[in-house]
Number of protein chains: 2
Amino acid sequence: MNTLAEENYLKSIYHLSMGDENVSTNQIAAALNTKASSVTDMLKKLADKALINYTRYQGVSLTPSGQKIAVSIIRKHRLWEYFLVEKLNFRWDQVHDMAEEMEHISSEELIDRLDKFMDYPQHDPHGEPIPDCNGNFKSSELKPVSALELNNSGVISGVRDQTSSFLQYLEKQELTIGKSIKVMEIIAFDHSVVLQIENKKEVHISREAANNLLVAL
Amino acid sequence: MNTLAEENYLKSIYHLSMGDENVSTNQIAAALNTKASSVTDMLKKLADKALINYTRYQGVSLTPSGQKIAVSIIRKHRLWEYFLVEKLNFRWDQVHDMAEEMEHISSEELIDRLDKFMDYPQHDPHGEPIPDCNGNFKSSELKPVSALELNNSGVISGVRDQTSSFLQYLEKQELTIGKSIKVMEIIAFDHSVVLQIENKKEVHISREAANNLLVAL
DNA sequence: TTCACAATTTAGATAAGTCTAAATTTTTTA
DNA sequence: TAAAAAATTTAGACTTATCTAAATTGTGAA
């Protein structure tokens with residue numbers, strides 16, 4: 001098995017590489033609140049174990065076996081979050097740190113039984129998809145935000161229009177991949193939409209933008 | 001908070017000191033599958049934190065704050081075991097190692113909610129009492145084995161006759177404090193009893209012995 | 001295209017927890 | 001009660017994961 005530190009590195013690399021490309025040492029250091037030199041050390045160790053592809057100064061990506069471990073940890077994290085909210089009645093904003101500890105409980109059988117006990121939930125309390133016991137995510141049919149109804153929520157998962165002007169606009173609005181959004185208001189006359197991002201800040205986007213921003217769930 | 005290693009030492013010391021007196025370095029080393037020298041190092045550390053009373057060569061006992069931590073870990077362990085058996089349908093002999101990991105999940109609120117979710121169970125799947133959120137064990141009224149009926153089970157928790165000959169006899173039969181027993185047979189003519197120890201070996205004890213051996217539950 | 005700066009890696013150190021081997025203390029026993 | 005045996009502690013070393021400071025590599029701007 002892998003150490004707690006290794007698992008956390010793999011998970012971070014997985015999350016950071018959602019925007020595909022290689023992940024940089026500094027990105028990982030920032031995500032894990034550690035120093036770049038510590039990251040370098042760990043990257044060598046993970047590369048030795050064949051869990052990442054690593055060449056000096058070039059950043060890293062997960063190998064298939066590294067990816068498998070990362071997905072398994074994410075599955076555990078999300079199932080425990082679901083448990084904490086649905087069974088123990090925690091609020092969705094209280095569960096992250098607890099799940100951060102629980103995701104390292106090693107037994108796969110335990111997590112599969114927990115999955116069954118909760119009747120195979122598809123999404124965690126934050127709307128993130130929960131991978132199944134084979135590591136497959138539900139083929140999330142992405143929908144444009146414009147197809148959502150009032151109070152629907154989802155996770156930003158893609159864009160239709162890939163021009164850099166649109167992407168730059170999204171970046172500025174903090175409407176980036178992985179963020180969860182909720183439809184707060186739909187303006188009838190121009191079909192523009194008010195979204196709440198990560199349960200915090202609200203933004204108002206045009207019908208055209210809503211047509212081109214894809215969400216999962 | 002305390003490290004995982006510290007928590008495991010405190011738990012071991014707690015369990016080993018059930019027979020009251022001071023616990024020896026070698027006893028702890030045996031329980032934790034480590035070396036006596038490692039134990040000595042840790043004892044110094046725990047003594048510095050005022051969690052144990054320690055004088056060189058004299059063994060250790062828990063201070064009130066050390067005891068409090070140990071009981072809290074035991075509470076977590078037993079509640080998780082109960083969860084695994086009652087909610088996830090594991091067998092009682094499968095859950096120990098998993099609970100060994102889960103007992104280190106730090107949140108007290110989590111464990112209190114889990115306790116409530118399961119409706120405040122009094123005993124874990126092995127019949128051990130579960131301390132409440134204040135660390136109090138249900139005042140387990142001890143019964144002599146002779147008062148049990150067929151198929152009843154319990155955990156050996158004390159003796160009436162404290163002569164060393166009786167204690168030595170119990171030691172030899174492996175009928176020691178903490179072992180769980182089940183009544184397999186009661187011989188009508190002499191009231192002797194056949195017990196199964198820890199779901200394994202069976203022993204046959206006299207009416208007199210059964211009268212003097214106390215179990216909880 | 002070169003140079004300055006940013007990113008990354010290396011070198012050397014630290015803390016936790018463990019180990020082996022040697023030294024010390026306690027206990028047993030003759 | 002003194003020597004032998006057992007238990008315990010100390011000394012010194014190792015591993016993991018981290019850090020700071022210095023060295024190296026890559027890259028963007030002039």
Side-chain angles (χ1 to χ4, degrees), chain A residues 1-14 16-17 19 21-62 66 69-70 73 100-101 103-104 106 164 168, chain B residues 1-13 16-17 19-62 66 69-70 73 100-101 103-104 106 164 168:
Chain A
M1 247 307 101
N2 307 286
T3 67
L4 197 144
E6 286 168 356
E7 291 188 349
N8 285 332
Y9 274 87
L10 292 173
K11 188 178 53 151
S12 272
I13 295 167
Y14 182 91
L16 291 168
S17 57
E21 317 117 39
N22 270 16
V23 176
S24 76
T25 301
N26 269 357
Q27 280 180 290
I28 299 168
L32 291 174
N33 228 305
T34 186
K35 303 295 170 184
S37 57
S38 309
V39 174
T40 300
D41 287 345
M42 182 58 91
L43 294 185
K44 287 183 199 159
K45 192 175 162 192
L46 293 173
D48 284 348
K49 289 188 162 197
L51 299 174
I52 59 172
N53 304 116
Y54 172 56
T55 17
R56 276 152 86 257
Y57 295 101
Q58 301 308 136
V60 295
S61 61
L62 294 174
I69 294 170
I73 293 163
E100 205 77 0
E101 290 183 59
E103 72 193 6
H104 301 289
S106 57
S164 67
Q168 277 165 26
Chain B
M1 247 307 102
N2 307 285
T3 67
L4 197 145
E6 285 168 357
E7 291 188 350
N8 284 332
Y9 274 88
L10 292 173
K11 188 179 52 150
S12 272
I13 295 167
L16 291 168
S17 56
D20 60 22
E21 317 117 40
N22 270 17
V23 177
S24 76
T25 301
N26 269 356
Q27 279 180 288
I28 299 169
L32 291 174
N33 229 307
T34 184
K35 302 296 171 187
S37 55
S38 309
V39 174
T40 300
D41 288 344
M42 182 59 90
L43 294 185
K44 288 181 196 159
K45 192 176 162 192
L46 293 173
D48 284 348
K49 289 188 161 197
L51 299 173
I52 59 172
N53 305 115
Y54 171 56
T55 19
R56 274 153 84 259
Y57 296 101
Q58 301 307 136
V60 295
S61 61
L62 294 174
I69 295 169
I73 294 163
E100 205 78 359
E101 290 183 61
E103 72 193 7
H104 302 289
S106 58
S164 66
Q168 279 165 25

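All chains are named by letter (A, B, ...) in the order of the sequence lines, taking the proteins before the strands, and each is independently numbered beginning at 1.
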Establish whether the base of C:dT18 is bridged to the side chain of B:S37 by a donor-acceptor pair shorter than 3.5 Å. no

Do B:Y54 and B:D48 come close enough that some side-chain heavy atom pair is under 4.5 Å? no

Under 4.5 Å between any side-chain heavy atoms of A:M42 and A:I28, yes or no? no

Taking only N and O in the side chain of [X], is any of them less than 4.0 Å away from OP1 or OP2 of [N]?
| X | N | answer |
| --- | --- | --- |
| B:K35 | C:dA21 | no |
| A:Y57 | C:dT10 | no |
| A:Y54 | C:dT9 | yes |
| B:S38 | C:dC19 | yes |
| A:T34 | D:dC19 | yes |
| A:K44 | C:dT10 | yes |
| B:N26 | D:dT8 | yes |
| B:R56 | C:dT24 | no |

Can you name the closest pair of heavy atoms from B:Q58 and B:N22 and give their distance? O-ND2, 3.0 Å

From C:dT10, D:dT18, D:dT9, nucleotide with atom closest to A:A5 side chain: D:dT18

Can you identify which nucleotide, out of D:dT8, D:dC19, C:dT26, has its nearest atom closest to the B:Q58 side chain? C:dT26

Nearest-Å distance for atom pair [atom1]/[atom2], residues [X] and [N]:
| X | N | atom1 | atom2 | value |
| --- | --- | --- | --- | --- |
| A:E7 | D:dT16 | CD | P | 16 Å |
| A:N2 | D:dT16 | CG | C1' | 14 Å |
| A:D41 | D:dT20 | CG | P | 13 Å |
| A:L32 | D:dT18 | CG | P | 8 Å |
| B:I28 | C:dT18 | CD1 | P | 12 Å |
| A:L46 | D:dT16 | CG | C1' | 13 Å |
| A:L43 | C:dT9 | CG | C1' | 11 Å |

If you find the nucleotide of DNA chain D closest to B:T25 and the one closest to A:A36, which residue's nucleotide is nearer the 5' end? B:T25

Any donor-acceptor pair under 3.5 Å linking the side chain of B:Q27 with the backbone of B:L16? no

What verdict does the side-chain contact (heavy atoms from CB on, under 4.5 Å) test give for A:L62 and A:Y14, after you've listed the backbone C-alpha separation in whole Å, the side-chain angles of each residue and the deciding distance to 0.1 Å? CA-CA 7 Å; A:L62 294 174; A:Y14 182 91; 3.7 Å; yes

